[in-house]
Q: 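Handing you this structure, nothing more for now.
For ligands, and for the atoms within them, numbers begin at 1 and follow the listed sequence.
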Amino acid sequence: MIRPGHVFHRKPSGLLPSAQSAEGVTILDNYGRRYLDASGGAVVVNLGHARPEIARAVMEQLSQGYYFHPTMFTTQVVEDLATSLAAHAPLGISRFYFMTTGSEAVETAIKLARQIQLARGEESRHRLISRWRSYHGLSLGALAATGRTSFRTPFAPMFKDSIHIPPPYCLRCSYGLEPESCGLRCAEALEEEILNLGPETVSAFLGETVSGATLAVYPPPKGYWPKIREICDRYGVLLILDEVMSGMGRTGKWFASEHYGISPDLVTLGKGLSGGALPLSAVGVQEEHYSLVVETGGFVHGGTFSHHPACAAAGLAAVKILENEDLVQRARDKGEILGAKLEHALSDHPHVGDIRGLGMMWGVELVKEKETLKPFDRSALVLEMVWEKLFSDGVILYKSLGLAGKDGEGLVVAPPFVINEPEMDMLVSALKGALNHVLGV
Ligand code: PMP
């Protein structure tokens, strides 16, 4: 039995079980219950739990020295991690700045974009454009860029110049158009917004390459990112891709931008970068931008825990596991199998509106009416009930909450890449069982 203490849990939701140990795709709690962690927590544990290689690499680094101030020293492990990431990164991305959380990576990227514009002599470019229904982090800059209104509302008066365009969410297109004939209207919205604000004021555009936490996973249509890239180039606007969730092999490619054949100016990583062993995030940037900023006085930025060597050791060990076990390819191959299993079991379900994904990142959108895609009322808490039922049956997925009955809500299925087929069958059948149980099908 766990003794309750003084931890500030987010909501007083009763006593949480205490996690005792974990291995592979399984977590064990203090009551001896086993959970199949089919979302790697918040899409973090990409390589499976408690990988001994990561634990050993971290211990080794800790015992050699755990803290060196990042402006006074570099360390071999941080240099090696940046080099290994550069080898897999999109074209031209060659320099990496390390932080701890995804929110910090996003903040860092927003600030770095502004400094690149300053270094180019574009002093009036300070605005960031992002998208509605997105998630970029909890800190005020990243939250201002976030487009999920329920997360923003209490703090909205504190945001200045927070500009959003509609996301590429074809299932519920903001313009009421069809994907075959829309001409990528939602990408054109970027051009309109840039012209509306004045291109000379816009620093960067930020978007999740594949939407994750707030759209229950939504890969945009193939032409979306090339069109956005073209618009950014036309107006001197930098493109920041947020791959905190979708990077590091999660979509079956090292970087999700590979699916779209484009390279960003800046890219953020987090979550799976260290396999979840320690907090580690990064911003990758094009060599030419890095050189420009360095030549014009350097990046005005820095944190106590930037470039932390123990976190970097976890990151480097995680990259080696991905390489040695060919796990990115595996995420791609096994991901297709997982998608097919979800389709097979759930596509006819009267309360499943859509199933979509890439690699090991899938979303199952729940609806009240299948024909009209009418969502459940948020107050009905259907998603929470399905999630609770699954959790009590020992299967963990990740909730993506809808917006007051207006758009979809769903469950994110994003297991560690090492999941095997019987475990996939277990999770799919538990999900179907939980839906039927809660919705009386
Ligand atoms: N960006 C994206 C795309 C994310 O999914 C998240 C976390 N869900 C963040 C940023 C913020 O990361 P963190 O919670 O580590 O600060």
Side-chain angles (χ1 to χ4, degrees), residues 10 37 39-46 97-113 128 130-148 150-152 155 162 164 167-169 204-220 225 239-251 253 255-257 259-260 264 266-284 303 305-306 308 311 314-315 318 357-363 396-401 409-414:
R10 195 165 69 121
D37 186 4
S39 62
V43 196
V44 173
V45 187
N46 289 0
Y97 194 104
F98 297 105
M99 308 290 295
T100 50
T101 66
S103 306
E104 275 181 306
V106 170
E107 298 285 339
T108 304
I110 297 170
K111 287 173 70 181
L112 184 51
L128 179 78
S130 55
R131 301 185 307 206
W132 290 117
R133 302 171 179 178
S134 58
Y135 188 70
H136 296 293
L138 52 70
S139 51
L140 287 173
L143 190 60
T146 288
R148 167 63 79 202
S150 55
F151 296 160
R152 295 166 47 85
F155 313 101
S162 158
H164 298 81
Y169 182 27
F205 175 66
L206 165 70
E208 294 163 77
T209 314
V210 174
S211 297
T214 54
L215 266 188
V217 179
Y218 207 88
W225 284 117
L239 174 59
I240 308 172
L241 290 183
D242 185 349
E243 301 212 359
V244 165
M245 186 182 283
S246 60
M248 298 310 292
R250 174 50 68 184
T251 66
K253 301 268 189 194
F255 286 74
S257 60
H259 291 285
Y260 300 91
L266 302 106
V267 60
T268 59
L269 296 171
K271 291 189 184 273
L273 180 55
S274 70
L278 286 175
L280 178 67
S281 64
V283 176
F305 292 118
S306 304
H308 195 282
C311 301
L358 269 178
M360 280 288 189
M361 189 170 167
W362 287 87
I396 302 174
L397 295 181
Y398 189 60
K399 280 181 288 218
S400 175
L401 297 183
E409 57 188 16
L411 287 158
V412 175
V413 184

Q: Go through Ser134 and Glu208 one step at a time and tell me if the side-chain hydrogen bond (donor to acceptor under 3.5 Å, both in side chains) criterion holds.
A: CA-CA 7 Å; Ser134 58; Glu208 294 163 77; 4.7 Å; no
Q: For Thr101, give me all partners under side-chain contact (heavy atoms from CB on, under 4.5 Å), at least two apart in sequence or on another chain.
A: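 Ser103, Glu104.
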Q: Students should find this: residues with any non-hydrogen atom under 4.0 Å from ligand 1. What is the answer?
A: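 Its neighbours under 4.0 Å (heavy atoms only) are Thr101, Gly102, Ser103, Tyr135, His136, Gly137, Glu208, Asp242, Val244, Met245, Lys271, given by chain and number.
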Q: In Å, rounded to the nearest 0.5 Å, how long is the span from CZ of Phe305 to SG of Cys311?
A: 8.5 Å
Q: Taking only residues two or more places apart in sequence, or in another chain, which ones meet Ser274 in a side-chain contact (heavy atoms from CB on, under 4.5 Å)?
A: Leu280, Ala314
Q: When you compare the side chain of Tyr260 with that of Pro219, does any pair of heavy atoms fall below 4.5 Å?
A: yes
Q: Name all residues meeting the ring-ring contact (aromatic ring centres under 6.0 Å, His included) criterion together with His164; count only those two or more places apart in sequence or in a different chain, and write none if there are none.
A: Trp132
